[in-house]
Q: 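The following block contains the structure, expressed as structure tokens.
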Amino acid sequence: MSASDQVVTRFAPSPTGHLHIGGARTALFCWAYARKRGGRFMIRIEDTDQARSSDESARGILDDLAWLGIEWDDGPSHAVTASDVAAGGGGRVIGASCRDVGSAWGPELAGGAGYFQARRLKIYNAYIEHLVRAGRAYPAFETAAELDALRKAATAAKQTFKYPRPADVVPGVFNETRWERALAGAEPHVIRFVVDGEDVVVRDEVLGEVKFAAGEVDDFVIRKADGFPTYHFAVVIDDELMGVTHVLRAQEHLNNTPRHVALQRALTRLAQDGRAGTPFRTPVYAHMPLIFNPDGAKMSKRDKAKSARKAAKEAIAKDPSLTPATLAGRAGLDAGLVAGFLASENDSLEVAAGLARLLGVSLPEIDVWDFRKSGYLPEAITNFIALLGWSPGMKESDGRDVEKFDTAFLAQHFDLSRIGRTNARFDRVKLLSFNADLLQSLSDERFLAAWSAWLAAFEPAVHARLASVGRAELLLLAAAIKQRCKVLRDSLGHIAMFLCADADLAYDRKAIEKFLLKAGEDGQRGVDHLRAVREVIAGLGAIDSGIGGELERAAAGRGVAMGAIAQPLRVAVSGGGVSPPIDLTLRILGKASTLARIDRCLGQC
RNA sequence: GGCCCCGUCGUCCAGCCUGGCCCAGGACGCGACCCUUUCAAGGUCGAGACACGGGUUCGAAUCCCGUCGGGGUCACCA
């Protein structure tokens, strides 16, 4: 395969926040397709929105991608962080040997810098000037307010708004007057593209042929008043210049495609007329289905606000003494902002998070970062999202569908032809099950490693406390909680009883009544068994792997089933009726702690 | 509203292109039972869908048309 027909895919995030789970799927599919075809996968940062873009966000997105194990051949260079579980730690840089996509335009575009659109203004402007001189684009001077008024009028008249091309703009004729006026610099202006009246047929690998009639698209903006290109323009220029052959993106972009094709055609004519550049190719398009919420709307950050609002309203309904103001006070938030939030006047993420913390509810995970915080494994995420809109269509030998696989499998089997057309709801319960299965399949050692890395990143205080626990005990702990966690965050609830000081352990009165004080069918009470077992344990040198046998002998000696002594013991050392298997629990606690807790419990009986 | 996309169990996915092997298969969830020192985990079994209406055909989940339903998009955001 020559370089010219090598497949090049790209993921082009806008650095305005965290990486959305839908974006992660797009990136994953782009990556998998490039790998499958032996091509290159590229990242381009679309930071042409000056107000919303940030370097911090770009770094975060790159980091999330790396964490997922999605590595790019071309794009910004990025050091892999230590918390990057999938890639196995730090010490590497992704994108260090990327292709050159801009140094011909200036040294500032050498290396990874060429993959940031905000630095490529010189390139876009050169094309824009050629387009203007060819009569395919023109400066427009309407203000945002004027356009708004036109739009409102159209809506009021029940008509679709389309930008009316000014009478002095003639397709194919350079409007020097407007250009000079723009160059003078006194008036804010945008550059609009002259959309010709041709039908566009988009050939899509997923949807087939999609026809757009001429006249559907108006003269859209290609350069904003601040001098930055719009998405439509930058994407077309860069995809061509960067040799992108396949564009995989979400279906919400389908309606943009005719604009992009129109631009490609105009730019190609420019080249053919000998004015500038080389002909623009139309990449292969593949628009994938959207990812929905459980309630059937497009999954978005707004879901967090919705969920927090609901929780707050329920809290207020339950406790009428609560008001938006008291809620705001307790959560340390601005009262006005909270009131507005509850009235659905804003969807502040800050308010949502604050309210959630205060009320002890968890917000739905939307961004990859949210899933990281909750304690999902990257392998579970990539496996699960790959199934949202794609399937390998293979059967296991036992007749079940193949649905558990890793990214290596994707790289080997991913194909455009098996991308579905129907939107998928994001089912967190199934994701949870995928993650739980993965966690359980880990050896105790590997579980401990993943768990410890997660604690270090998200629960440093707990991680620090565990630092004083011996490796053998940690491994025992890992074994005890592994099957009980669907996500790593669940571990917190399971280890609380171990982290708690013996003197601080709280006893559940009901559990004491039920398992210690109430007499069983044989007339014996748990508390009596507990006293006997206490002496057995006190007589032991230490609690080791033989403890299970000791307890069984003790039970047999008293003529009762294991449960009759395990439950009282469990209440004594954990405070309640639920804990990991009693032998493991006692081994982790150790003899001193076990006896101390039994004695405390006996004191409460 | 205009334009565009979609419509198989509650949810995700297989089957659709190349009609019969489909009174539709798998997974998650749900129910029951088994295992069991609690909670989990695990095992077995079960309930559960071709949106509707017309065609075409010997035969349709699969092909065609219509209806209804859902979604996306109509920015100097991407």
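Residue numbers begin at 1 in each chain, while the letters A, B, ... track the order of the sequences.
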Q: Could you measure between the two P atoms, the one in B/C63 and the one in B/U18, and give it in whole Å?
A: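 So the two P atoms sit 9 Å from each other.
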Q: Can you check whether A/S391 has a side-chain N or O nearer than 4.0 Å to OP1 or OP2 of B/A14?
A: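 Yes, within the criterion.
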Q: Would you kindly give the CG-to-C1' distance between A/N255 and B/G72, to the nearest whole Å?
A: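 Rounded to whole Å, this separation is 7 Å.
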Q: Given the C1' atoms of B/G53 and B/G69, what is the spacing between them in whole Å?
A: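 Rounded to whole Å, the distance is 14 Å.
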Q: Specify the separation, in whole Å, of atom CG of A/D239 and atom P of B/A78.
A: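 In whole Å, B/A78 P lies 15 Å from A/D239 CG.
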Q: Check the distance between B/A27's P and A/R425's CZ and give it to me in whole angstrom.
A: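 Whole-Å distance recorded here is 22 Å.
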Q: Taking all atoms of both residues into account, what is the closest heavy-atom pair of A/L505 and A/V573, and its distance?
A: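 So the minimum-distance heavy-atom pair works out to CD2-O, 3.4 Å.
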Q: Describe, in one word, how the ring planes of A/Y124 and A/F233 are oriented to each other, choosing from parallel (under 30°), tilted (30 to 60°) and perpendicular (over 60°).
A: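 If you compare the ring of A/Y124 with that of A/F233, the planes turn out perpendicular.
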Q: Just checking A/F228: base, sugar-phosphate only, or nothing, at a heavy-atom cut-off of under 4.0 Å?
A: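 Contact class for A/F228: none.
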Q: Is A/D401 salt-bridged to A/K395, cutoff N-O under 4.0 Å?
A: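 So A/D401 pairs with A/K395 through a salt bridge.
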Q: Which nucleotide in the list B/A27, B/C28, B/C3 gets nearest to the side chain of A/E403?
A: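 Side chain of A/E403 sits closest to B/A27.
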Q: Provide, to the nearest angstrom, the distance between the CG atom belonging to A/N435 and the P atom belonging to B/A27.
A: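 Whole-Å distance recorded here is 20 Å.
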Q: Using a cut-off of 4.0 Å on non-hydrogen atoms, how would the nucleic acid contact of A/A424 be classed: base, sugar-phosphate, or nothing?
A: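 The answer is sugar-phosphate, as A/A424 gets under 4.0 Å only of primed atoms, P, OP1 or OP2.
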Q: Please state whether the phosphate of B/A78, meaning OP1 or OP2, lies under 4.0 angstrom from any side-chain nitrogen or oxygen of A/T48.
A: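 Answer is yes, contact under 4.0 Å.
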Q: Mind checking if A/H287 touches a base, just sugar-phosphate, or nothing, with heavy atoms under 4.0 Å?
A: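 Since no nucleic acid heavy atom lies under 4.0 Å of A/H287, the category is nothing.
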Q: Assign A/E142 to base, sugar-phosphate, or nothing according to its heavy-atom contacts below 4.0 angstrom with the strands shown.
A: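 Touches a base.
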Q: Say you pick atom C1' in B/G66 and the same atom in B/G25; how far apart are they, in whole Å?
A: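 So the two C1' atoms sit 31 Å from each other.
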Q: For the ring-ring contact (aromatic ring centres under 6.0 Å, His included) test, which of A/Y231, A/F193, A/Y163 pairs with A/F220?
A: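 The ring-ring contact (aromatic ring centres under 6.0 Å, His included) with A/F220 is passed solely by A/F193 among A/Y231, A/F193, A/Y163.
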Q: Once you measure the plane-to-plane angle for A/H189 and A/F141, does it fall in the parallel (<30°), tilted (30-60°) or perpendicular (>60°) bin?
A: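 Tilted.
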Q: Look at all strands and tell whether A/H232 reaches a base, only sugar-phosphate, or nothing, counting heavy atoms closer than 4.0 Å.
A: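 It contacts base atoms.
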Q: Roughly how many Å is it from CE in A/M288 to C1' in B/C13, rounded to a whole number?
A: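 In whole Å, B/C13 C1' lies 17 Å from A/M288 CE.
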Q: Identify whether any heavy atom of A/R428 sits under 4.0 Å from a base atom; if not, whether one sits that close to sugar-phosphate; answer base, sugar-phosphate or nothing.
A: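 Here A/R428 touches no strand at all.
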Q: Can you give one letter per nucleotide of nucleotides 34-46 of chain B, going 5' to 3': B for a protein heavy atom under 4.0 Å from the base, S for sugar-phosphate only, - for none?
A: ---BBBBSS----
Q: Mind checking the P distance from B/A41 to B/G31? Whole angstroms is fine.
A: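 That atom pair is separated by 13 Å.
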Q: Rounded to the nearest 0.5 Å, what separates atom CD in A/E396 from atom NZ in A/K404?
A: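 Between atom CD of A/E396 and atom NZ of A/K404 there are 10.0 Å.
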Q: Could you tell me how far B/G20 sits from B/G59 if I compare only their P atoms? Round to whole Å.
A: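 To the nearest whole Å, 15 Å.
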Q: On RNA chain B, nearest-nucleotide positions of A/F212 versus A/D226: which is more 5'?
A: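 Looking at the nearest nucleotide for each, A/F212 comes out on the 5' side.
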Q: For B/A60 versus B/G46, give the span between their P atoms, rounded off to a whole number of Å.
A: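 Each nucleotide's P atom is 29 Å from the other's.
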Q: Among B/A75, B/C12, B/C6, which nucleotide has an atom closest to any side-chain atom of A/R151?
A: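 From the listed options, B/A75 comes nearest.
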Q: Any side-chain N or O of A/R418 below 4.0 angstrom from OP1/OP2 of B/G15?
A: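 Indeed, a polar side-chain atom of A/R418 lies that close.
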Q: Classify A/G389 by what it touches in the nucleic acid, base, sugar-phosphate, or nothing, heavy-atom distance under 4.0 Å.
A: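 Sugar-phosphate, backbone atoms only, no base.
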Q: With a 6.0 Å cut-off on ring centres, are A/H287 and A/H253 close enough?
A: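 No, the ring centres sit 6.0 Å or more apart.
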Q: Check every strand shown and say whether A/G420 touches a base, only sugar-phosphate, or nothing at a heavy-atom separation below 4.0 Å.
A: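 Nothing: the residue A/G420, judged by heavy atoms under 4.0 Å, touches no strand.
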Q: Can you measure A/L254 atom CG to B/C6 atom P for me and round it to whole angstrom units?
A: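 One finds 9 Å between P of B/C6 and CG of A/L254, rounded.
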Q: For B/A14 versus B/C3, give the span between their C1' atoms, rounded off to a whole number of Å.
A: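 Roughly 33 Å separates the two C1' atoms.
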Q: So A/R52, base contact, sugar-phosphate only, or nothing? Heavy-atom distance under 4.0 Å.
A: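 Base contact.
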Q: From A/D490 CG over to A/I495 CD1, what is the distance, rounded to the nearest 0.5 angstrom?
A: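 A/D490 CG to A/I495 CD1: 11.5 Å, rounded to 0.5 Å.
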Q: Could you spell out the base pairing of RNA chain B in dot-bracket, with Watson-Crick or G-U pairs whose two distances are under 3.5 Å, [ ] crossing and | to another strand?
A: (((((((..((((......[....)))).(((((.......)))))....(((((..]....))))))))))))....
Q: To the nearest 0.5 Å, what is the distance between CG on A/L150 and CD on A/E146?
A: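 That separation rounds to 7.5 Å.
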Q: With a non-hydrogen cut-off below 4.0 angstrom, is A/D218 in contact with a base, only sugar-phosphate, or nothing?
A: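 Here A/D218 touches no strand at all.
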Q: Please confirm whether the shortest side-chain N or O distance from A/K404 to OP1 or OP2 of B/C13 is below 4.0 Å.
A: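 For B/C13, OP1/OP2 do not have a side-chain N/O of A/K404 under 4.0 Å.
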Q: Base, sugar-phosphate or nothing for A/V210? Non-hydrogen atoms, less than 4.0 Å.
A: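 Sugar-phosphate, no base atom in range.
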Q: Of all the heavy-atom pairs spanning A/R421 and A/Q251, show the shortest one and how long it is.
A: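 Closest approach of A/R421 to A/Q251, heavy atoms only: O-NE2, 3.9 Å.
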Q: Within the structure shown, what part of the strands sits under 4.0 Å from A/T257 by heavy-atom distance: base, sugar-phosphate, or nothing?
A: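 A/T257: no heavy atom of the nucleic acid under 4.0 Å.
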Q: Work out how far the C1' atom of B/G48 is from that of B/A27, and round it to whole angstrom.
A: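 B/G48 and B/A27 have their C1' atoms separated by 14 Å.
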Q: Is there a donor and acceptor pair closer than 3.5 Å between the side chain of A/D401 and the base of B/G25?
A: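 A donor-acceptor contact between them is present.
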Q: Could you state the NZ-C1' distance from A/K298 to B/U73, rounded to the nearest angstrom?
A: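 Taking atom C1' of B/U73 as the reference, NZ of A/K298 is at 9 Å.
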Q: Say you draw a straight line from CG of A/D47 to CD of A/Q117; how long is it, rounded to the nearest 0.5 Å?
A: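 These two atoms lie 6.5 Å from each other.
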Q: In whole Å, I'd like the distance from the CG atom of A/L387 to the C1' atom of B/A27.
A: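 Going from A/L387 (CG) to B/A27 (C1'), I get 9 Å.
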Q: Anything under 30° is parallel, anything over 60° is perpendicular, the rest tilted; go ahead and classify A/Y376 against A/F371.
A: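 A/Y376 and A/F371: perpendicular rings.
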Q: Taking everything shown except A/R302 itself, do over 12 heavy atoms lie less than 6.0 Å from its CZ?
A: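 Open.
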